[in-house]
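Nothing here was measured: the structure is a model prediction, and the numbers come from that model.
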Amino acid sequence: MCSIMGFCGEDLSYAAFCAGFDKTVSRGPDCSRVMRLEKGFLGFHRLAIMGLSEAGMQPFVRGKRAVVCNGELYGFRSLKRALEQQGYTFVSGSDCELLLPLYEQYGVQMFSKLDAEFAMILYDGETGEFVAARDPIGIRPLYYGHTAGGGLLFASEAKNLVGLCAHILPFPPGHYYKDGEFVCYCDIARPDAVCHDDLDAVCAGIRSRLIAAVEKRLDADAPVGFLLSGGLDSSLVCAIAARLSDRPIRTFAIGMQEDAIDLKYARQAAEYLHAEHTEVIITPEDVLQALPEVAALLGTYDITTIRASVGMYLVCKYIHTHTDLRVILTGEVSDELFGYKYTDFAPSPEAFQAEAEKRVRELHMYDVLRADRCISVNSLEARVPFGDLDFVRYVMAIDPAKKMNVYGKGKYLLRRAFADGDWLPPELLMREKAAFSDAVGHSMVDDLKAFAAAQYTEEEFEQRRRAYDFARPFTRESLLYRELFERFYPGQAQMVAGFWMPNPDWEGCRVDDPSARVLSNYGDSGK
């Protein structure tokens with residue numbers, strides 16, 4: 001990961017800009033630079049992944065234009081050759097050096113042409129204006145706000161803007177900002193047409209696209225590793241990577257010392273794939289000690305996100321401390337595309353599709369946010385194969401009647417797509433995975449709930465939760481997280497749409513806890 005920040009205006013000092021920007025130096029610890037503009041600043045903290053030499057340091061400058069970008073442009077080498085044939089010259093091996101030549105050629109139309117996960121801020125000295133943009137899913141973070149004097153700030157994380165902006169909001173994914181307005185260049189959640197191919201064709205399409213998505217994300221000039229929970233999604237990413245790699249992949253799993261459900265399955269997958277596997281064991285004390293740090297780095301009060309982030313943060317902390325890895329591949333986004341346990345209760349294909357579209361549009365506030373923050377705060381870069389643009393477009397277009405669980409097995413299409421070819425042992429491929437936070441250990445969630453319950457009497461809980469009109473806490477645990485959030489991000493609750501919960505309009509989903517464990521169809525999941 002890297003960190004970027006840009007200011008357009010005249011009411012923010014260089015010192016104040018740098019103070020805000022340095023809150024995310026862990027995203028890019030290799031080198032830092034702040035560029036003064038005619039009216040504003042551009043800042044860049046670098047984590048070197050592509051083009052490791054000093055020549056790859058940003059901002060990149062061409063004439064009167066400058067750009068900073070936190071991102072990966074996939075397939076950039078062929079694009080670079082095409083630009084060189086047109087007379088462009090490049091000084092680094094960085095993929096992001098292509099952005100200014102592309103902007104010269106296409107202007108804001110360039111964003112719809114990128115196969116990338118990115119957030120970028122461009123200063124156009126020809127017009128004196130800022131242009132900013134974010135990838136269609138929001139894999140890379142970007143926030144914005146205004147200073148008291150009307151200046152405009154963009155930054156990788158909300159924490160950069162705390163104290164500088166009265167209101168902080170996430171930059172909408174799939175949009176660019178220009179001429180004072182946000183313009184949608186890609187709504188990836190809404191398919192152009194429905195794909196009515198038969199099951200064999202659909203599964204072949206899923207398989208080929210996911211393989212291509214993983215292969216793209218193995219391209220790095222820095223060492224690559226994998227989070228392996230033992231569930232379907234991360235196991236498939238690792239299986240594909242193992243087949244594409246000429247050496248054993250390095251995998252990491254985490255679990256509580258008492259009842260880590262998925263450690264044994266992660267170990268089984270790693271052995272099958274001949275991976276170099278590491279297990280990280282944590283205690284209840286580790287979990288509670290990490291909780292304030294996790295709340296601070298996430299910028300959310302959402303129950304699911306915080307629960308699932310504790311283990312992810314601690315395993316990434318281990319990777320940062322004990323290895324030379326810089327890039328981590330993960331299994332996020334699959335659930336939103338193929339369904340959670342609660343989407344088994346969808347009353348119709350149309351309802352399933354509408355829910356999927358909603359969740360994909362909100363990913364940047366939940367699972368994608370978790371993956372970014374837990375990984376980047378430990379000076380690592382997250383890559384998300386299931387978030388590949390071509391893959392997401394294809395899966396979102398599949399007839400939702402085929403994606404619903406009418407097969408007696410969740411994520412059936414994804415499992416069927418890899419049923420042939422010995423990608424994984426059948427017992428792993430067909431296993432129903434536990435919820436991420438539960439998989440680290442059922443006791444972890446129980447410990448968090450018990451800790452929260454001990455913080456408030458019933459009277460204190462009722463009184464203190466009513467201080468919040470937006471996303472009002474409804475359990476002691478949710479109140480604990482909200483109060484931690486307000487400590488670090490006071491008054492910024494609307495950065496998040498609310499609590500991630502199963503759709504309460506569906507029969508069987510009116511629950512008071514977001515864990516799939518409370519659903520009637522959880523069954524043998526996670527055993």
So, D95 and K80, do they make that salt bridge, N to O below 4.0 Å?
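No.
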
Pair D219 + R77: basic N to acidic O under 4.0 Å
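Yes, charged N to carboxylate O under 4.0 Å.
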
Here's a test for you: under salt bridge (Lys or Arg N to Asp or Glu O under 4.0 Å), which of R46, R326, R217, R140 qualifies with E381?
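Exactly one pass, corresponding to R140.
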
Check each of F111, F154, Y185, Y144 against Y177 using the ring pair (Phe, Tyr, Trp, His ring centres under 6.0 Å) test, and report the only one that passes.
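The residue from F111, F154, Y185, Y144 that satisfies ring pair (Phe, Tyr, Trp, His ring centres under 6.0 Å) with Y177 turns out to be F154.
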
Taking the six-membered ring for Trp, are F171 and F182 ring centroids under 6.0 Å apart?
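Judged by ring-centre distance (under 6.0 Å), F171 and F182 do meet the cut-off.
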
Residue pair [X] / [Y], side-chain donor-acceptor N/O under 3.5 Å:
X    : Y    : result
T283 : Q257 : no
Y301 : E483 : no
R370 : T305 : no
T147 : D11  : yes

Does [X] make a cation-pi contact with [Y], if we ask for NZ or CZ under 6.0 Å from the ring centre and within 45° of the axis?
X    : Y    : answer
R207 : W423 : no
K113 : Y106 : yes
R36  : Y14  : yes
R209 : Y394 : yes

Check step by step if side-chain contact (heavy atoms from CB on, under 4.5 Å) holds for Y88 and E104.
CA-CA 11 Å; Y88 286 97; E104 289 178 11; 3.3 Å; yes

Decide if atom CD of E126 counts as having more than 12 heavy atoms of other residues, nucleotides or ligands within a radius under 6.0 Å.
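Counting neighbours around CD of E126, more than 12 heavy atoms of other residues, nucleotides or ligands fall under 6.0 Å, so yes.
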
